[in-house]
Amino acid sequence: EAQLVESGGDLVQAGGSLRLSCAASGFTFDDYAICWFRQAPGKEREGVSCFTNTDNSTNYADSVKGRFTISSDNAKNTVYLQMNTLKPEDSGVYYCAASFSIPIWGMSWSVYDYDYWGQGTQVTVSS
């Protein structure tokens, strides 16, 4: 079965760094975009960053540009999110998701364009 497993979430002080990992299995990793979403308590789920494996393109939400970096290790079927200069507003559950349609039709943050989701990993940034 298709599976995405997030790891790396932790409690960190403002200004600190974390690296999240999303390990994929059960589908053809190189044909998908792998993207990160986050959700704070009582808030809507929001897109953070995407890596499209078909063309190595990246996308970032304006709120994280210059601070977060997404990368892909195709040999390990794993996407990473390096998170630097963390702010309290970065706190939330971070999910990775895989989209088959994005490499074909282009970037989308609609949940309907994602085929597989991980269970999430908690990131808490303290003041």
Side-chain angles (χ1 to χ4, degrees):
E1 76 283 18
Q3 189 174 32
L4 297 171
V5 180
E6 303 96 334
S7 62
D10 206 349
L11 171 65
V12 64
Q13 293 183 356
S17 298
L18 288 172
R19 189 176 77 157
L20 306 183
S21 298
C22 174
S25 61
F27 63 96
T28 306
F29 182 81
D30 292 347
D31 292 338
Y32 283 74
I34 308 295
C35 305
W36 290 94
F37 293 75
R38 66 188 182 191
Q39 189 165 23
K43 304 293 185 180
E44 296 290 321
R45 188 170 299 185
E46 64 174 341
V48 177
S49 185
C50 276
F51 192 101
T52 301
N53 283 308
T54 53
D55 62 3
N56 298 325
S57 62
T58 60
N59 287 277
Y60 297 94
D62 288 342
S63 59
V64 307
K65 284 181 179 176
R67 299 188 298 120
F68 291 10
T69 303
I70 193 168
S71 60
S72 180
D73 186 339
N74 296 84
K76 295 182 177 180
N77 284 7
T78 299
V79 166
Y80 304 95
L81 186 67
Q82 180 66 47
M83 309 164 65
N84 297 327
T85 320
L86 283 162
K87 305 174 180 179
E89 52 262 44
D90 294 319
S91 297
V93 178
Y94 281 68
Y95 301 90
C96 64
S99 172
F100 187 75
S101 64
I102 285 174
I104 299 170
W105 300 108
M107 182 59 203
S108 172
W109 288 118
S110 171
V111 297
Y112 299 106
D113 290 323
Y114 292 82
D115 303 287
Y116 313 118
W117 291 83
Q119 292 296 112
T121 186
Q122 177 71 48
V123 172
T124 303
V125 184
S126 63
S127 300

**Asked** Where do Thr69 and Tyr60 land on the side chain to side chain contact (heavy atoms under 4.5 Å, CB included) test, with the steps shown first?
**Response** CA-CA 8 Å; Thr69 303; Tyr60 297 94; 3.9 Å; yes
**Asked** Do Trp109 and Tyr114 pass the side chain to side chain contact (heavy atoms under 4.5 Å, CB included) test, and can you show the C-alpha distance, the side-chain angles, and the key distance before you say yes or no?
**Response** CA-CA 9 Å; Trp109 288 118; Tyr114 292 82; 3.8 Å; yes
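Ile102 and Ile104 are assigned to two separate hydrophobic clusters, defined by single-linkage of ILVMFWY side chains at heavy-atom distances under 4.5 Å. A single hydrophobic cluster is not seen to contain both Tyr80 and Phe37; linkage of ILVMFWY side chains at heavy-atom distances under 4.5 Å, directly or through other members, places them apart. When the side chains of ILVMFWY residues are joined at heavy-atom separations under 4.5 Å, either directly or via intervening members, Tyr112 and Leu4 end up in two distinct hydrophobic clusters.
Between Tyr94 and Phe68, the ring planes lie tilted relative to each other; the angle falls in the 30° to 60° range. In this structure, Trp117 and Tyr95 have perpendicular ring planes: the angle between them is above 60°, well past the 30° mark.
Considering all non-hydrogen atoms of both residues, Pro103 and Thr54 come closest at CB-OG1, 3.4 Å.
Asp90 has its side chain within reach of Arg38: a pair of non-hydrogen atoms, C-beta onward, lies under 4.5 Å apart. In this structure the side chain of Ser72 never reaches within 4.5 angstrom of the side chain of Ile34, judged on heavy atoms.
Rounded to the nearest 0.5 angstrom, Ser49 OG and Gln82 CD are separated by 12.0 Å. With rounding to the nearest 0.5 Å, the separation of CH2 in Trp36 from CG in Leu81 is 6.0 Å. Put simply, CE on Met107 and SG on Cys35 are 5.0 Å apart, with the number rounded to the nearest 0.5 Å. Note: Asp113 CG to Ser99 OG = 5.5 Å, rounded to the nearest 0.5 Å. Considering CG of Asn59 and OG1 of Thr52, their distance stands at 6.5 Å, rounded to 0.5 Å.
Here the side chain of Glu6 pairs a donor or acceptor atom with the backbone of Cys96 at under 3.5 angstrom. For the pair Thr85 (side chain) and Arg67 (backbone), a donor-acceptor distance under 3.5 Å is absent.
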Under 3.5 Å, side-chain donor or acceptor atoms of residues 11-32 against the rest of the protein: list the pairs with distances, not counting sequence neighbours.
{"unit_1": "Ser17", "atom_1": "OG", "unit_2": "Asn84", "atom_2": "OD1", "d": "2.9"}
{"unit_1": "Asp30", "atom_1": "OD1", "unit_2": "Asn74", "atom_2": "ND2", "d": "2.6"}

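By the neighbour-count criterion of 12 heavy atoms within 6.0 Å, atom CD of Glu44 is sparsely surrounded, having that number or fewer from other residues, nucleotides or ligands. More than 12 heavy atoms of other residues, nucleotides or ligands lie within 6.0 Å of CD in Glu46, so this atom counts as buried by the packing criterion.
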